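Starting from 1, each residue takes its place in the sequence as its number. Model, not experiment: these values are computed from the prediction. We use all heavy atoms of the structure for the numbers below, so side chains are in, but hydrogens, waters and symmetry mates are not.
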Amino acid sequence: DGSGATKLRVTMADIAKMAGVSKTLISRVINDDKTLSIPPQTRDKIWDAIQSLGYIPDSTARSLAKKSMGDGSAKTIAIGYVTYTSYEKIGHPFFSSILQGIEEEVHAQGCKLGMTFTVEELNKRRELRERIKLERMDGIIYLGAIDKPFYDALKSFATYGVCLDDSLDPSMDYVGTNYELSGRMAMEHLIATGYRNIGFIGGGEDRRFAAYNACLKAHSLPAQEAWVLNGGFTMERAYEATKSNLARYAPPEAIFAANDEMAIGSMRALIEHGFRIPRDVAVIGHDDIAMSSFASVSLSTIRIHKEEIGR
């Protein structure tokens, strides 16, 4: 403004004064402390004050200072990840193994595991979206099915991104599985064993389904349209879909399930209907999750090295 005045850095005390709360509470909100129950209206008031005053957290300020000074000192690299649902983030038998690999490698490389969040959380929690803008990360790892519009909004929050599916953004680096190849491996195993009538349980038009169809065509095998089921990539939906289909159709000789969860769900329905596995119906899964070895009947599956993908 030409006055020569120096603009002072906004502090947590300034935020606390504007929001009418304590500095301790400000700190807890910024650091997403879940040990304290804070009313949503209070959180919104705090983030309104942060946005209004243009507050930069100390960790971000230190990073900016190092860049501006050019002192060559090492900067801690902050890496976060986003998943579609909390189930993938915490309890999913496939994604949890990938997350274990991510966390181990982040710490082994001396980096910082930054924010971890889900699409659900970002949709519901305004303060989390504001915090991500403030605590800009060096990299984000995108796990699972992320909607393209949501990804477009997220990618500005980090300098670098990597995903598990190259269809999300062809220009982004990705580390994942060649599902066409692994799908062919499953199908070729069944065909080599002598099965000709093979069903499929999946979750839509993915590459494992393309491999299933390609193998049927390559070996001149009949399509099993009645036994192409949508199991939603969950044990429960595969169980219900198989159970419903068994009420109308005899089962095929074999079933290729696009993941182990669906394979286990389908096997349960088959067993409940009196079919013996694999004598009456063979089932092969995909992923080699830990629970597959504890299924009531031993499950053949395609092993995916999940921790290595995370690393």
Please report the interatomic distance [atom1]([X]) to [atom2]([Y]), rounded to the nearest 0.5 Å.
X	Y	atom1	atom2	value
Leu190	Ile255	CG	CD1	10.0 Å
His189	Ile302	NE2	CD1	8.0 Å
Ile289	Leu299	CD1	CG	8.5 Å
Glu253	Thr193	CD	OG1	11.5 Å
Ser298	Met267	OG	CE	8.0 Å
Lys243	Leu270	NZ	CG	12.5 Å

Problem set entry | Residues Ser182 and His286: side-chain donor-acceptor under 3.5 angstrom |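 His286 and Ser182 do have a side-chain donor-acceptor pair below 3.5 Å.
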
Exercise. Do Thr301 and Asp288 get their side chains close enough for a donor-acceptor pair, meaning under 3.5 Å?
Worked result: no

Exercise. Stepwise, does the side chain to side chain contact (heavy atoms under 4.5 Å, CB included) test hold for Val228 with Tyr212?
Worked result: CA-CA 10 Å; Val228 173; Tyr212 164 79; 4.1 Å; yes

For this session: I would like to know whether Glu236 and Glu261 meet side chain to side chain contact (heavy atoms under 4.5 Å, CB included); could you show each step before the answer?
Result: CA-CA 8 Å; Glu236 294 78 9; Glu261 286 189 89; 5.6 Å; no

What pair of heavy atoms forms the shortest contact from [X] to [Y], and how long is it?
X	Y	answer
Asp260	Asp287	OD2-C, 3.7 Å
Gly231	Arg237	O-CB, 3.1 Å
Glu188	Cys215	OE2-SG, 3.8 Å

Any side-chain heavy atom of [X] sitting closer than 4.5 Å to one from [Y]?
X	Y	result
Pro251	Leu246	yes
Tyr195	Ile284	no
Phe256	Met187	yes
Pro222	Asn197	yes
Met262	Phe233	yes

N/O donor-acceptor pair under 3.5 Å between [X] side chain and [Y] backbone:
X	Y	result
Arg208	Ala258	yes
Arg196	Ile191	yes
Trp227	Asn245	no
Glu180	Arg207	no
Tyr179	Phe209	no

Problem set entry | Pairs flagged by side chain to side chain donor-acceptor pair (under 3.5 Å) wherever residues 264-274 is involved - sequence neighbours left out |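 Counting only pairs at least two positions apart or across chains, the side chain to side chain donor-acceptor pair (under 3.5 Å) contacts touching residues 264-274 are Tyr239-Glu272, Thr242-Ser266, Arg268-Glu272.
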
For this session: Using a cut-off of 6.0 Å, state whether more than 12 heavy atoms not belonging to Gln41 lie near its atom CD.
Result: yes

